[in-house]
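The structure presented is a predicted model; accordingly, all values stated were derived computationally and were not measured. Each residue takes its place number in the sequence, starting with 1.
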Amino acid sequence: MNIYVPIVLIGILLTITFILILVDKLMGGSGEKMITVNQDTKFPVSGDESVLVSLNQNKIFLPSACGGKATCGMCKFRLIEGGDGEIKPTEDPFLSQEERDSGVRLSCQVKVRGDMKIEIPEVLLNAKEYETVVDYIEDLTYDIKLVRFKLKEGEQIDFKPGQYAQIRVPGIEVIRAYSMASNPKDKEHLEMIIRMVPNGQATTFVHKALELGDTIIVTGPFGHFYLQEDSDRDMICIAGGSGKAPIRSIVQYLRDQGMPRKVKYFFGARTTKDLFYTEEFVKLSEEFPNFTYIPALSDPKPEENWTGEVGLITDVVDRMTGDLKEAEAYLCGSPGMINACIKVLQKHDIQDEHVFFDKFS
Ligand SMILES: Cc1cc2nc3c(=O)[nH]c(=O)nc-3n(C[C@H](O)[C@H](O)[C@H](O)COP(=O)(O)OP(=O)(O)OC[C@H]3O[C@@H](n4cnc5c(N)ncnc54)[C@H](O)[C@@H]3O)c2cc1C
Ligand code: FES
């Protein structure tokens with residue numbers, strides 16, 4: 001073989017490598033890039049991560065209930081300058097035309113390929129990462145647990161009643177959203193009410209493996225679903241299953257203020273085995289005439305001797321509700337339940353802008 005052949009081959013390889021490095025540099029690639037957030041916060045980013053991960057690495061936390069799989073649509077930000085091109089098909093279902101026109105994207109789907117200027121809601125700069133320890137677990141029903149997370153000594157979290165936080169499942173690094181079920185007055189603990197989802201990754205961990213003393217990373221607070229404090233409208237709250245969590249936080253908060261507003265709380269369950277915290281809410285309704293608690297069963301068995309309301313929660317709300325023109329509604333639970341409830345509320349003339357909900361999807 002000609003002795004020049006290996007030398008020429010090496011030369012070609014070196015040239016290709018050089019060209020690749022150059023292209024990578026020109027396109028942003030793995031070199032250092034600068035992200036500017038809301039005009040004033042700047043930080044360098046290296047590597048080829050998504051905007052979501054890059055922000056997380058710099059202690060800015062966007063809601064991301066699906067952990068970056070493009071299934072929750074919660075990690076939105078506005079791209080002002082830079083970015084990696086067109087909206088991807090994975091982002092499509094989550095963006096309205098108005099959002100597309102103003103540059104809104106999903107941060108888990110956009111890679112940092114060059115310098116970028118972005119905008120996020122100012123309130124998200126309050127979300128932080130907390131290293132917590134599980135200090136209480138209770139079975140509320142056969143498939144629902146209460147878990148309490150204690151923050152590190154000296155740390156505190158401020159949240160609005162109704163908001164949620166995200167837990168990271170150790171080992172599998174899955175991230176999931178859970179509403180705060182506790183009183184926002186207690187800034188050193190967070191309580192969550194977690195229902196087992198068959199074959200669910202996070203809930204199987206919580207129900208089968210989580211133990212007292214375990215360390216869990218919690219991020220938050222997040223969410224637009226919270227008590228409207230500047231309002232004095234009558235409230236109608238509707239929840240099913242673990243949807244009781246944020247309503248509990250809201251009701252505890254109102255209790256501390258002496259229950260200044262009229263609150264009617266409908267809780268839907270299938271049988272008595274699915275009821276929990278009944279005593280807590282019945283006691284509240286005895287203490288505060290402004291508060292009414294209406295648990296309703298859709299499928300009570302004769303041997304349960306249930307004497308309360310019976311029927312689908314939508315039917316119960318329909319027959320026990322009057323005119324809602326001036327009322328405010330807070331709904332929490334499965335998307336199906338919430339959609340059905342909104343239709344019933346509309347039948348009673350509620351105004352759309354007074355309906356607040358969190359779909360546990
Ligand atoms: C804002 C927000 C707040 C939430 N708050 C709570 C809360 O307080 N308590 C609570 O228990 N959950 C809450 N959830 C739901 C929670 O985030 C998880 O989606 C749920 O616990 C399932 O997680 P997983 O990892 O166990 O299941 P996955 O591994 O994500 O899912 C396994 C399978 O179950 C299906 N699935 C996922 N979620 C549900 C569900 N809820 N019901 C039926 N099937 C489902 C999936 O489509 C999939 O096929 C909330 C969700 C959101 C978006
Ligand atoms: S994190 Fe869920 S869509 Fe981006």
Side-chain angles (χ1 to χ4, degrees), residues 24-88 90-132 151-152 155-160 162-168 173 175-177 180 190 217-226 358:
D24 185 53
K25 266 233 169 307
L26 286 176
M27 296 192 64
S30 52
E32 192 169 274
K33 283 91 56 168
M34 192 63 82
I35 300 192
T36 308
V37 183
N38 295 0
Q39 297 191 338
D40 44 12
T41 310
K42 280 188 186 192
F43 50 81
V45 171
S46 53
D48 197 17
E49 298 290 3
S50 65
V51 172
L52 179 71
V53 170
S54 305
L55 291 176
N56 276 3
Q57 285 168 348
N58 287 279
K59 302 287 170 213
I60 295 179
F61 301 100
L62 300 191
S64 51
C66 71
K69 293 205 199 92
T71 55
C72 73
M74 288 178 163
C75 60
K76 290 177 183 173
F77 75 108
R78 199 154 87 83
L79 183 57
I80 312 283
E81 217 177 280
D84 68 350
E86 295 296 300
I87 291 170
K88 298 186 180 67
T90 43
E91 297 174 81
D92 246 358
F94 300 104
L95 301 176
S96 66
Q97 193 53 49
E98 200 183 323
E99 287 176 323
R100 287 156 196 272
D101 294 345
S102 64
V104 173
R105 303 283 304 268
L106 294 189
S107 63
C108 66
Q109 298 301 298
V110 179
K111 297 259 188 196
V112 185
R113 295 229 191 266
D115 290 352
M116 293 174 98
K117 286 190 179 156
I118 70 167
E119 222 175 68
I120 61 170
E122 225 27 66
V123 67
L124 287 179
L125 298 173
N126 296 333
K128 294 195 179 72
E129 191 175 74
Y130 298 89
E131 192 181 297
T132 70
L151 271 55
K152 264 189 186 162
E155 278 195 336
Q156 296 204 325
I157 181 166
D158 274 311
F159 65 93
K160 295 184 185 173
Q163 285 192 300
Y164 71 93
Q166 294 176 176
I167 67 168
R168 192 192 303 157
E173 304 309 312
I175 292 174
R176 292 288 181 270
M180 264 79 82
L190 292 176
I217 302 295
V218 177
T219 317
F222 297 120
H224 306 295
F225 175 77
Y226 50 76
D358 239 353

Exercise. Return yes if some donor-acceptor pair links the side-chain N/O of Lys33 with the main-chain N/O of Val112 below 3.5 Å, else return no.
Key: yes
Worksheet item: Is there a donor-acceptor pair under 3.5 Å between the side chain of Lys117 and the backbone N or O of Val37?
Response: no
Residue pair Val218 / Leu151, side-chain heavy-atom distance below 4.5 Å: no
d(Ile60 CD1, Leu124 CG) to nearest 0.5 Å is 9.5 Å
Practice prompt. Could you walk me through whether Thr90 and Gln109 pass side chain to side chain donor-acceptor pair (under 3.5 Å), step by step?
Written response: CA-CA 8 Å; Thr90 43; Gln109 298 301 298; 2.9 Å; yes
| task | Might you work through the side-chain contact (heavy atoms from CB on, under 4.5 Å) test for Lys128 and Thr219, ending with a clear yes or no? | result | CA-CA 6 Å; Lys128 294 195 179 72; Thr219 317; over 6 Å; no
**Request:** Determine yes or no for a side-chain-to-main-chain donor-acceptor pair under 3.5 angstrom, with Ser50 supplying the side chain and Val110 the backbone.
**Result:** no
Hey, does Thr36 have a side-chain heavy atom less than 4.5 Å from the side chain of Glu81?
no
(request) With side-chain contact (heavy atoms from CB on, under 4.5 Å) as the test, would you mind laying out the steps for Ile120 and Leu125 before giving the verdict? (result) CA-CA 8 Å; Ile120 61 170; Leu125 298 173; 3.8 Å; yes
Distance col, row Cys108:SG vs Phe77:CZ, nearest 0.5 angstrom, shows 10.0 Å
Closest non-hydrogen atoms of Ala127 and Phe222, given as atom of the first, atom of the second and distance, are CB-CE2, 3.6 Å
| task | Would you check if Ile157 and Leu190 make a side-chain contact, meaning some heavy-atom pair closer than 4.5 Å? | result | yes
d(Asn56 CG, Leu62 CG) to nearest 0.5 Å is 7.0 Å
To the nearest 0.5 Å, atom CD of Glu86 lies from atom NZ of Lys88 at 10.0 Å
> Any side-chain heavy atom of Arg105 sitting closer than 4.5 Å to one from Ile87?
Replying inline: yes
- Does any non-hydrogen side-chain atom of Asp358 lie less than 4.5 Å from one of Tyr164? yes
Rounding to 0.5 Å, atoms CG (Leu79) and CD1 (Ile118) come to a distance of 8.0 Å
Between Leu106 and Lys76, the two heavy atoms sitting closest are CD2-CG, 3.8 Å
Taking every heavy atom of Ala65 against every heavy atom of Gln166, the minimum-distance pair comes out as N-OE1, 3.3 Å
Smallest heavy-atom separation, Ile175 atom then Ser64 atom, equals CG2-O, 3.6 Å
ask   = Under 6.0 Å from the CD atom of Glu173, do we count more than 12 heavy atoms belonging to anything else shown?
value = yes
| said: So that I can tick it off, tell me whether Glu129 and Arg168 are bridged by a salt bridge, with the cut-off set at under 4.0 angstrom between side-chain N and carboxylate O. | reply: yes
Q: May I ask you to test the Val45-Met34 pair for a side-chain heavy-atom distance under 4.5 Å?
A: no
| message | Before you tell me yes or no, could you show the steps for Asn38 and Arg78 under side-chain contact (heavy atoms from CB on, under 4.5 Å), namely the whole-Å CA-CA distance, both residues' side-chain angles and the distance that decides it to 0.1 Å? | response | CA-CA 10 Å; Asn38 295 0; Arg78 199 154 87 83; over 6 Å; no
Rounded to the nearest 0.5 angstrom, the CZ-CG distance for Phe159 and Asn126 is 14.0 Å
Sequence neighbours excluded, the answer for side chain to side chain contact (heavy atoms under 4.5 Å, CB included) partners of Glu49 is Val53, Ser54, Gln57
Hits for side chain to side chain contact (heavy atoms under 4.5 Å, CB included) against Gln39, two or more places apart or cross-chain, chain-then-number order -> none
Self-check item: Side-chain heavy atoms of Val104 within contact of Ser96, under 4.5 Å
Solution: no
- Does the distance from a Lys or Arg side-chain N to an Asp or Glu carboxylate O, for Asp115 and Lys42, drop under 4.0 Å? no
Applying side chain to side chain contact (heavy atoms under 4.5 Å, CB included) to Lys152 and not counting sequence neighbours gives Glu131, Glu155
Worksheet item: Would you call Gln163 and Met180 a side-chain contact if the rule is heavy atoms closer than 4.5 Å?
Response: yes
